[in-house]
Student: 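Got a structure here, written out as structure tokens. Questions coming.
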Amino acid sequence: MYALVDGNNFYASCERVFNPALRTQPIVVLSNNDGIIIARSNEAKAMGIKMGIPAFEIKHLIKSQKVIAFSSNYALYGDMSQRMMQIFGDFTPDVEIYSIDEAFLDFKGFELTKLRQMGLNLRKKVDKYIGIPVSVGFGPTKTLAKIANRIAKKHMKDGVALIDTAYKIEKALKMTAIEDVWGIGRQHSRFLQKNQVKTAWDFTQLPQDFIRKNMSVTGLRTQMELQGIACIPMEYVPPAKKAIRTARTFAQATDDYEYLAESIAGFAATCGQKLREQKSAANLLTVFVRTNKFDHNKPYYANSFTIQLPATDSSIVLIKAAKEALKIIFRPQHHYKKAGVLLSGLVPAQNRQLNLFETGTDVKHKKVMQTLDLLNKKHGYRLMKFAAEGRFGAWQLQQTYRSKRYTTRWDELIQIKL
DNA sequence: TCTGGGGTCCTAGGACCC
DNA sequence: TCTGGGGTCCTAGGACCC
């Protein structure tokens with residue numbers, strides 16, 4: 001049996017841990033630049049605030065304090081996540097961290113009759129040590145565990161649901177709408193509904209060749225998983241990323257080349273840091289820019305350019321290439337709203353292919369990069385930067401409502417008055 | 001004034017090889 | 001009348017996830 005454990009309204013719940021007065025208030029968490037809604041407390045959901053809507057649509061609610069808004073505080077959420085995952089490891093050694101707020105737990109070899117109690121204990125422990133409410137769903141496959149988790153969240157008062165018999169599988173599948181199945185997104189659920197497939201149960205009754213033809217092998221896998229045949233294995237060690245991207249939407253659109261060049265340099269440096277963290281080197285670097293896609297009064301322009309590199313993990317080389325690529329796609333007549341850098345063709349840094357005319361720059365850069373990473377790790381995120389990134393941090397995020405980084409900064413520790 | 005960020009996998013089609 | 005068989009690699013686009 002697998003369990004899927006996830007934090008309820010995770011980001012919103014993190015904010016509540018350090019501000020208990022908010023426990024009964026409707027709260028929302030905003031994306032970078034305070035752009036859209038990315039998390040809501042149950043109270044906010046009940047008010048009809050939808051996931052992903054632009055923040056300005058509920059500005060009146062935020063202003064009048066009917067809803068408390070937070071800018072996203074990833075330092076806090078990331079740290080809370082790590083603490084939560086650590087607790088999971090007390091219940092089984094086989095934990096797959098699936099996202100910032102959820103994990104699959106493998107309970108093979110455990111007695112079925114004890115699982116429910118195990119789930120309850122886990123909830124209790126996470127609540128006591130971390131202060132985040134979680135839901136636990138058990139099932140014979142990952143996809144069924146996901147469904148159990150959903151049922152736990154929606155229908156079980158104690159937050160735990162177990163799907164362990166053929167009868168319960170059928171019952172659970174019949175009460176799950178097709179669009180709520182893990183692996184079936186908007187396009188496919190629309191297509192399936194047109195074909196009279198309304199629930200997860202209906203989906204399990206479809207002929208295999210129909211699914212294979214219209215939804216490829218991934219659809220087939222989902223069907224088997226729903227039928228109780230596990231075919232999505234656990235992944236205990238996160239595989240190295242195959243692509244690394246850093247991109248931002250600017251608070252204000254800009255036609256300033258220098259501003260854009262400094263942001264791009266910053267994105268390239270951030271990508272480089274992520275690259276070195278996973279000990280990879282990149283063969284390709286893509287720069288992309290685009291104007292505001294919502295502004296229909298101005299012509300839309302989006303473009304990208306990819307540069308081939310001798311496999312490198314040096315931010316110096318990356319920044320240089322990024323600036324070259326930007327020069328090629330920059331058009332002075334446009335106002336740019338979003339830009340980014342993408343590294344791909346990643347290989348292990350250890351056994352990268354050397355260029356025939358290798359000059360040894362990477363060897364020279366290696367020590368500089370190591371020192372840079374060490375200093376930033378020890379003394380503060382991005383304390384040391386490249387001159388190319390600019391001195392002004394012009395592309396800094398707008399974060400009007402950010403809470404303190406309670407768990408990762410000495411000067412922002414929570415204070416208690418006695 | 002105002003709309004996020006970061007990933008993965010699969011397939012079809014083109015270009016190429018013998 | 002009529003044009004083989006068997007592959008690989010790469011990329012763009014579409015689907016999905018959080």
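In what follows, every heavy atom counts, from backbone to side chain, and hydrogens, waters and symmetry copies are set aside. Because the structure is a prediction, the values reported are computed rather than measured.
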Student: Test side-chain hydrogen bond (donor to acceptor under 3.5 Å, both in side chains) on Ser41(A) and Asn9(A); report intermediate values, then the result.
Tutor: CA-CA 6 Å; Ser41(A) 71; Asn9(A) 317 323; 6.0 Å; no
Student: For His155(A), what residues pass the side-chain contact (heavy atoms from CB on, under 4.5 Å) criterion, not counting sequence neighbours?
Tutor: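 Residues passing side-chain contact (heavy atoms from CB on, under 4.5 Å) with His155(A): Ile151(A), Met175(A).
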Student: How about Tyr11(A) and Tyr77(A): are their ring centroids closer than 6.0 Å?
Tutor: yes
Student: Under 4.0 Å between any heavy atoms, over every strand shown, what does Val181(A) touch: base, sugar-phosphate, or nothing? Just pick one.
Tutor: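 Result for Val181(A) = sugar-phosphate.
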Student: Touch check for Arg221(A), heavy atoms < 4.0 angstrom, all strands: base, sugar-phosphate only, or nothing?
Tutor: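 Sugar-phosphate only.
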Student: Return each pair, listed once, that meets ring pair (Phe, Tyr, Trp, His ring centres under 6.0 Å) where at least one residue sits in residues 214-235 of chain A; pairs must be two or more places apart or across chains.
Tutor: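 Listed once each, the pairs would be none.
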Student: Just checking Lys274(A): base, sugar-phosphate only, or nothing, at a heavy-atom cut-off of under 4.0 Å?
Tutor: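 If one applies the 4.0 Å heavy-atom cut-off, Lys274(A) turns out to touch the sugar-phosphate alone, with no base involved.
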Student: Give me the first and last nucleotide of DNA chain C, going 5' to 3', that has any atom under 4.0 Å from a heavy atom of chain A.
Tutor: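 Using the under 4.0 Å cut-off, the span is dA15(C) to dC18(C).
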Student: The helix from dG5(B)-dC18(C) to dC18(B)-dG5(C): angle between its terminal axes, five pairs each, to 10°?
Tutor: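 That helix has its two terminal axes inclined by roughly 0°.
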Student: Select base, sugar-phosphate, or nothing to describe what Asp34(A) touches, counting heavy atoms under 4.0 Å on all strands.
Tutor: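 Contact class for Asp34(A): none.
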Student: At under 4.0 Å between heavy atoms, what does Ile244(A) touch on the DNA or RNA strands: base, sugar-phosphate, or nothing?
Tutor: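 Contact class for Ile244(A): sugar-phosphate only.
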Student: Taking for each residue the nucleotide of DNA chain B bearing the nearest heavy atom, is the 5' side occupied by Gln252(A) or by Ala243(A)?
Tutor: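 Result: Gln252(A).
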Student: How would you label the contact of Lys293(A) with the nucleic acid (heavy atoms, under 4.0 Å): base, sugar-phosphate, or nothing?
Tutor: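 Nothing, no heavy atom under 4.0 Å.
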Student: Let me know, please, whether Val217(A) or Phe294(A) comes out on the 5' side of the other along DNA chain B by nearest nucleotide.
Tutor: Phe294(A)
Student: Please list every donor-acceptor pair under 3.5 Å in which a side-chain atom of residues 239-246 of chain A meets a protein atom from a residue at least two apart or in another chain.
Tutor:
{"residue": "Thr246(A)", "atom": "OG1", "partner": "Lys274(A)", "partner atom": "NZ", "Å": "3.2"}

Student: Report the C-alpha distance between Phe110(A) and Met1(A) in whole Å, list the side-chain angles of each, state the deciding distance to 0.1 Å, and finish with yes or no for side-chain contact (heavy atoms from CB on, under 4.5 Å).
Tutor: CA-CA 8 Å; Phe110(A) 286 68; Met1(A) 292 287 279; over 6 Å; no
Student: Please work out if Glu57(A) contacts a base, only the sugar-phosphate, or nothing of the nucleic acid, heavy-atom cut-off 4.0 Å.
Tutor: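 Nothing, no heavy atom under 4.0 Å.
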Student: Nearest heavy-atom pair of Asp158(A) and Arg123(A): which atoms, and what distance?
Tutor: O-NH1, 2.7 Å
Student: Closest heavy-atom contact between Met156(A) and Ala161(A)?
Tutor: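 Minimum heavy-atom separation between Met156(A) and Ala161(A): CG-CB, 4.0 Å.
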Student: Would you mind listing every ring pair (Phe, Tyr, Trp, His ring centres under 6.0 Å) that reaches into residues 296-333 of chain A, with sequence neighbours excluded?
Tutor: Tyr257(A)-Phe330(A), Tyr301(A)-His334(A), Phe330(A)-Tyr336(A)
Student: For a quick check of understanding: with a heavy-atom distance under 4.0 Å over all strands, which category does Thr246(A) fall into, base, sugar-phosphate or nothing?
Tutor: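 Contact class for Thr246(A): sugar-phosphate only.
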Student: Ile184(A) near the nucleic acid: base, sugar-phosphate alone, or nothing, with a heavy-atom cut-off under 4.0 Å?
Tutor: sugar-phosphate
